[in-house]
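Below is one structure; the comments refer to it alone.
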Amino acid sequence: MSDRLKKIFTEKLPKTKLVSYFVGCYPTPEISLELIKQAIDNGVSILEVGYVTSEASAEGPIIKAAHDYVLNKGHNLNDIIKLVKNIRDYNQDVGIVLMGYIANLYKYPISNFVDDIKVSGADAVLVVDAPHELKEENQLRDALNKNGLSLIKLAAPTTDDKRLKDIVNIASGFLYQVNVSGVTGVKSASETDVTNFVKRIRNLTNIPICTGFGIKSPEDAKKMSNSGCNGVIVGSAFVKYIQDNLNDKLLTQNVGKLIKSFTNVLE
Amino acid sequence: MSDRLKKIFTEKLPKTKLVSYFVGCYPTPEISLELIKQAIDNGVSILEVGYVTSEASAEGPIIKAAHDYVLNKGHNLNDIIKLVKNIRDYNQDVGIVLMGYIANLYKYPISNFVDDIKVSGADAVLVVDAPHELKEENQLRDALNKNGLSLIKLAAPTTDDKRLKDIVNIASGFLYQVNVSGVTGVKSASETDVTNFVKRIRNLTNIPICTGFGIKSPEDAKKMSNSGCNGVIVGSAFVKYIQDNLNDKLLTQNVGKLIKSFTNVLE
Amino acid sequence: MTKNSYKTGPDELGYFGSGESAMGGMAVGETLMPVLHELNQGFEEAIKDQSFLDEFDYHCKHYIGRPSPLYYAENLTKKLGGAKILFKREHLNHTLSHKVTNSLFQVLLAKRMKKRALICESGAGQHFSATAAVAAKFDMPLTGVMGDIDIARVNQNIIKAKHYGAELKSVPGTLKEAITEAIKTFSSNPDYAYICGSVVSSAPYPRIVQFAQSVIGREIREQSMEQEGRLPDMLIACCGGGSNLIGMIHEFLDEPEIIKIGVEAAETAALSNGTPGIMQGMKTYMLQTDDGSKSLGGSSLGAGIQYFSVGPQHSFLRDQGIVKYTSATDKEILEAYKLIASTEGICSALEPMAGAAELIKQAKNKPKDYLICLNLCGTGEKDLNTIQEHIGKDFE
Amino acid sequence: MTKNSYKTGPDELGYFGSGESAMGGMAVGETLMPVLHELNQGFEEAIKDQSFLDEFDYHCKHYIGRPSPLYYAENLTKKLGGAKILFKREHLNHTLSHKVTNSLFQVLLAKRMKKRALICESGAGQHFSATAAVAAKFDMPLTGVMGDIDIARVNQNIIKAKHYGAELKSVPGTLKEAITEAIKTFSSNPDYAYICGSVVSSAPYPRIVQFAQSVIGREIREQSMEQEGRLPDMLIACCGGGSNLIGMIHEFLDEPEIIKIGVEAAETAALSNGTPGIMQGMKTYMLQTDDGSKSLGGSSLGAGIQYFSVGPQHSFLRDQGIVKYTSATDKEILEAYKLIASTEGICSALEPMAGAAELIKQAKNKPKDYLICLNLCGTGEKDLNTIQEHIGKDFE
Ligand SMILES: Cc1ncc(COP(=O)(O)O)c(C=O)c1O
Ligand SMILES: Cc1ncc(COP(=O)(O)O)c(C=O)c1O
C-alpha cells in the first residue's frame, strides 16, 4: 500500500479529489510533462499516467487516437517511467498511478517493472486487463505490495457483491469504481447509479473510492462528488482538449485552466 | 417417291448433279427467287430451299446468320411455300426439296403442309432433326409417299451398317450423305472417306446418293464427284457469297456465274 | 411406361405417354442418332451393373456429401402460421446445387463408355461448374457452352469451372442458345460425351437425368418417415428444365395423395402459357410463335429457370394432371429470398425461390399438421450481385 | 487439465498447463469478468444437460448438414505418388465452412442463458456470415465487427450476413483490429452475448469453441475407422486462431502416434516466429514488439489466418511438442489451390490451402499406406476475386 496515496485520502481537503488521466508522452514527452505540471499546479490530487499498447480494449475513440499517436512516435513504457521520474522530481505530494495494459508489463517483465517504477517515484499501477484471476496480476500485486506500492483495482457495474468482496479485499490505494459499462469517454453515468454503487462498496470497505468514466465537465464532476465517493476521475475530457488544441501555443496554460475549472467545483 | 427426282437421276448428264441449297426468302423473297432462277439457268439439278427456325441445330455460322436475317424479317414457312410455287412456275424440271426442321412442320401441321407443298410443286422434304425414330417423321413420310413426294433421308459418318440398312429401306428421291460430323459450312470431307462411304451405301441400295457438307469450291465438287456419288450438294459456299455481296447490284448475275463454275466441272 | 405406373417411362424411343399426346422422342440430326442409341444402351447396361450403381452411390456420399438434410424450417413455419414446412437442402451438395448429382452420374457413365472428352451447356452456370468439378475429379477435358447474358450474371460459376480446368464457349443469349450451340458442338464431336444438365433434349437424356436426380425423392421418403413418421402432403420445386423437380417427385409419382407442384419463371412458363411443339430435340410444351419458327420468352432473374421450354416428362405429367404447374414473378422470387434469408439464415439461389414463392401461398391456409416440402436446390452465392442490384437497399 | 490427458484442459481460470509456461487465462477488463464467469458457468451447466447437447446435435445434422464427408482424394494421392490423402470436407457445411458449428453452439448457449442480442468479430467473414445465419434462425439481432481490408476482400460474406439481418461495424484493419473492437463493443453491452469465432480470447472462449469444434475429430475417428479400417497417421489443418485445427485434433491429443500439424500463414506465424505475450485476453505466442506495446505481422491472402496471435491451447501444445506448427506463403497457398481445384474439382478457400501446402510436402515422401487427413475447412467463393487477381491468367 502506497503511503502517499494513503496520505492524500486522509487529507480533509479537497473533500473530493480530482484524479486526472493523461496519456504519457502525449503529444511529446516534453509537452506531456508540462501538461502534467499544470495539472499538479491546478490542484489534481492523483495523476494517472497512461502507457500505450496497440490492442487496448477499454479505450474509446479519443484516448485510442492519443495512444496511436504515441505508438507511432515509438514511445514505450521506459519513456513513460522516465516521465514519471520527472513528475516526481517536480512534485513530491501528487499521487502517481501508472495505467495501462498487461501486455507491456509482461514483456518488461513484471519484476523489473516494479523495481523501476519504485525508483521513478510512482505510487501505484492500474492494469485494465489484469483481473485477480490472472497469474500476472497476482505476481504484480505481490511485488507491488512488497515494495509499498499499490495495485489499483476496479469495480464495474457488472461486478456482483460476492466478487466485489474479493476485490475490496485485495484493493489498495483506492478503488477505481467504473461507473458505466463500456469504453472510456463515451457513456455518462447517472448520479443515482453512482451513489448506489458507492453505497454498495462502502458497505464492504472503507477504502477510498474514485469514480470514473464519462465525466466530461465540472458539472459532471460536481454531481458525482455528491455520490459519497472520495475522488472523481477525468480522462477523455482532458485528452480531448489536448487533441483538439495540439497546435495551440497556449495549450498547457489552457489545460491548467480547464483543470482548475474542475478543482474549483470540488471542495 | 417423286417422279421428277427419279427422272433427274435417270438423265445421263450431268453425270454428277449439282444440288444447291438456298435459304428461302434470303435476303428477300424477290431476290431469293432471282437467285434461284440463276441457279436453274446455270445448271443446278436440284434446289434445296431452306425454311428457318430459331433453334436450328445443324447450321454453321454462315447459314445461321442467313436464317436469323430471314427470321428477323418475319418470313415464315408459308412465304417459302409461295417461293416454291414461283420457282415451279419458272421451271418444270428442276427438283425442289424443302429443307428445314420439324418445329415448323409440326405446327403447320404436317397434313396441311404436305397438301400445300404438293400444290406448290415441291418434290420432296428434308427434315434435319426428324430421324425415323420420331413419330412425326413417320406421319410426314406416310403423307409424302401417299402424295407421290419424297422424304429425303440422311446418312452420317456415325451411321453404322445396321442403321444404314434401315435408312436406305425408307429412303426416297435420293440419299443425303452427310460426309462429315458437324454443322454446315465448317469442316471439309476427305475424298477417300466419301468414296468409302458411298461404297458402303452402294452395297445396300441403288438409290441416288448426294454428298454434302463442306464443299466450298468447284475443285471440292470435282473431287467429290469422283467418289461414285450421284450428286454433290453445295450450300454454305453460295450462302456465304450472297451474304458477302448483299449490296452488290450484280449479285444475282454473279451468283449465276459462281454456280456455273461448279456445273462446268461436273460432267 | 407401364399402364399402372408413372414411374416407368419413357418408352424405348423416348416417349412419355402414347399416341398424339406423347411427349419427348428423339428430334435430332442423323449424326447424333447412333450416338444417342449407343448412350441409351450404355445407360441400360450401366444401371443393371450393381458395381456401377455402387460407385455412383459411393461418390454421392463422399464427393457430393449426400444425403442432403431434410430440414424443418421452424421459423418460416411459425411466421406463415400454416403448414409445417420442410426444406430439402440440395444446396449443401458439393458445388452448391442439385446439378452435381446428375453430372456425377453422367460422367461416370461416360467413363464407363470409354468417352474421352465432355461437352455441357449451362444456364445458371451451376451445371457447368458442377460438371467441371466432376470432370476434374475424373480427369476428363470439358467444354461448357453458355449464353453471354448468363455468363455476366453468374460469373462465379464460370470462374470456378475454369479453375477446375474447363473451357468456356460463349454464345449470344441465355440457356436456350447455349443448348442449341451445345448440340452443334456435340454433332461436330460425336465421340465426346454430352452431359445434359436437365431432363430435356432428345431421349435418352430426360430419362438419364431423371434417373440420377431421383435419389432426391428417395432420400425424402426415408428422411421424412424417420423424422416426421410420415410422408409430406405436398412437394414443391422450381422448374427450369425440370430436373430438380422430377428428382424430387419421381419417387412419389404413383402416390396421388401427395400433391406435387412445379413452379416456372413467369416469363418463361412453358407449361402455363405454352403449347406443344418440337424444338431442341424433344416434343414438349414451349413458348414459340404459332408457326413454330421462333422460340419465345422473356427474361427471369432466375437464370437457371429462364428456359422457354421444359422437359417432356413434365408436359406429360401436366396433361395427365399428376403434377400442378404454376409460375412466379421476379418480384415474388425476391420477396421469398428475403423472407427465407431473414427467417432461416439460408442464402438461397433465386431459382428455388420461385418454388418458395408458391410455398408461401400454399402454406398459409393449410392446417398445422399439413406437411409441405420445398426443394431448396441451390445457394445464392452466384446470385448475390443480382440480388444486391435489385433489393440491396432493403438490407441496409 | 488432468495429469494424464491433453484433452481435459484448461483449468478453471482458463490456463493450459501450469506455472510460468501456462497459456491462456483471462486478461480482460473488470466489466467483462463477471460476464465471462457467468458464461463459463452457463457453459458448464449446458454441457451437462443432455437435452441441450441433443439440441446441438439435432441442428448440427439438420441445419448444418453434419457429418461432413471424409473424402478420399484419389487423384491428388496419385499425383503426389506418396501417402493416401483424405479431406475432411468441412466446406460442405451450411454457410460453407467449419465456423458455423461453433456459431450454432454459442448461439444455442446464449439462448439458453437468456441473452437477447449478439456480437461477433470476423476475419474472413466466415464467422460473421455463419453467426448471422444462426442468429437469423434463432431470431436474435447480431452486430458483426470486421476490418475494412477484410470487408473489401471477402465481400460476399458481408452481403450474406446483411441478408440474414445482421449489422456490420467496420474498423480500419483486419481480424486483429476487429477482435479488439468486438471486445470494446462487448464491454459496452455486457448483457449481450459475444460469439467468439475461434479458440482465442479470454477464458472461457478457447474451451467453448474447442468443445463445439471437436465434433470434427470425433467424426474423423468414426469415418476413418469405417472407411479405412484405421485412423489417419497424420492430421493437418491451417491455423489462424486455431479452431478448425483444434476441432480436428482434439479427439486425438492423447494419441501421440498420430502426427498433428498446424499451418499458419507465413506472414503471421505466431507459433513459428512469435514469443509469449498477453494481448486480446490471453497469454499465448504472438508477433509483437519486444516491449509488448505493439502487435505485429504482415498480410496473408488467407484473410482468416492472417492473425498475429493464436489460441492459447496451441501455444501449450507447441511447448509440449504434441503438435507441430509450420507455415505457408501466399505463393504456396495459391499453388495448392490450383492443384486441388484441377485434380479434385474442389474450389477451396485459401485458408485451408495453407494446410494443403504442407500436405503436399508431407505426402510426397510417405509410403502408400500412410494416411494423411487435411481439414478442408472452407470453400473458395469468398476468395474468387483475390484468386483471379493473383493467378487468374493461369486458368485461361
Ligand atoms: C440452382 C438451380 N435451381 C434450378 C435450376 C433449374 O434446373 P432444373 O429445372 O433442371 O432443376 C438450375 C439450373 O441451372 C439451378 O442452377
Ligand atoms: C475458411 C477458414 N478457414 C480457417 C480459418 C481460420 O480460423 P481457425 O484457425 O480458427 O480455424 C477461417 C477464419 O475465418 C476461415 O474462414
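Letters A, B, ... are given to chains in the order of the sequence lines, protein chains preceding strands, and every chain is numbered from 1.
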Hey, which of D/Ala341, D/Ala166, D/Ala161 has the most heavy atom pairs under 4.5 Å with chain C?
D/Ala341
Based on non-hydrogen pairs under 4.5 Å, which of C/Lys160, C/Lys137, C/Glu396 is most in contact with chain D?
C/Lys137
Of the backbone (N, CA, C, O) and the side chain (C-beta and beyond), which part of D/Gln223 lies under 4.5 Å from a heavy atom of chain C, both, or neither?
neither
Testing the basics here: between D/Ala133 and D/His94, what is the closest heavy-atom pair and its distance to 0.1 Å?
CB-NE2, 4.2 Å
Okay, side chain of C/Asn375, backbone of C/Asn244: is any donor-acceptor separation there less than 3.5 Å?
yes
Give the intermediate values and the outcome of salt bridge (Lys or Arg N to Asp or Glu O under 4.0 Å) for residues D/Lys331 and D/Glu335.
CA-CA 6 Å; D/Lys331 191 161 178 292; D/Glu335 283 304 317; 5.3 Å; no
In short, C/Leu80 meets C/Ala363 closest at the heavy-atom pair CD1-CB, 4.0 Å
Check each of D/His98, D/Lys99, D/Gln106 against D/Asn102 using the side-chain hydrogen bond (donor to acceptor under 3.5 Å, both in side chains) test, and report the only one that passes.
D/Gln106
Which portion of D/Tyr337 sits near chain C, non-hydrogen atoms under 4.5 angstrom
side chain
Check this for me: does any side-chain nitrogen of one of C/Lys382 and C/Glu351 sit under 4.0 Å from a carboxylate oxygen of the other?
yes
Evaluate side chain to side chain contact (heavy atoms under 4.5 Å, CB included) for D/Ile346 paired with D/His91, printing each intermediate quantity in order.
CA-CA 10 Å; D/Ile346 295 174; D/His91 67 105; 3.9 Å; yes
Under 6.0 Å from the ring centre and within 45 degrees of the ring axis: does the NZ or CZ of D/Arg112 meet both conditions for the six-membered ring of D/Phe52?
yes
Only pairs of heavy atoms separated by less than 4.5 Å count here; which of D/Glu74, D/His163, D/Lys162, D/Glu381 has the most with chain C?
D/His163
Quick check: does any side chain N or O of D/Glu344 sit under 3.5 Å from a backbone N or O of D/Leu76, one acting as donor and the other as acceptor?
yes
Where on D/Asn93 is there a heavy atom nearer than 4.5 Å to chain C: the side chain, the backbone, both, or neither?
backbone
Max heavy-atom pairs within cutoff under 4.5 Å with chain D, candidates C/Cys347, C/Ala130, C/Ser129, goes to C/Cys347
D/Gln227 versus chain C, heavy atoms under 4.5 Å apart: side chain, backbone, both or neither?
side chain
Is there a donor in the side chain of C/Glu389 and an acceptor in the side chain of C/Asn385, or the other way round, less than 3.5 Å apart?
no
Salt bridge (Lys or Arg N to Asp or Glu O under 4.0 Å) between C/Arg218 and C/Glu222: does it pass, once the steps are laid out?
CA-CA 6 Å; C/Arg218 288 196 301 280; C/Glu222 200 175 310; over 6 Å; no
Could you have a look at D/Arg89, D/Lys338, D/Glu167 and say which one has the most heavy-atom pairs with chain C under 4.5 angstrom?
D/Arg89
Honestly, the part of D/Leu92 sitting under 4.5 Å from a heavy atom of chain C is both
Under 4.5 Å, heavy atom to heavy atom: which of residues 58-72 of chain D reach chain C? Give them by number, or say none.
D/Tyr58, D/Lys61, D/His62, D/Tyr63, D/Ile64, D/Gly65, D/Pro69, D/Leu70, D/Tyr71, D/Tyr72
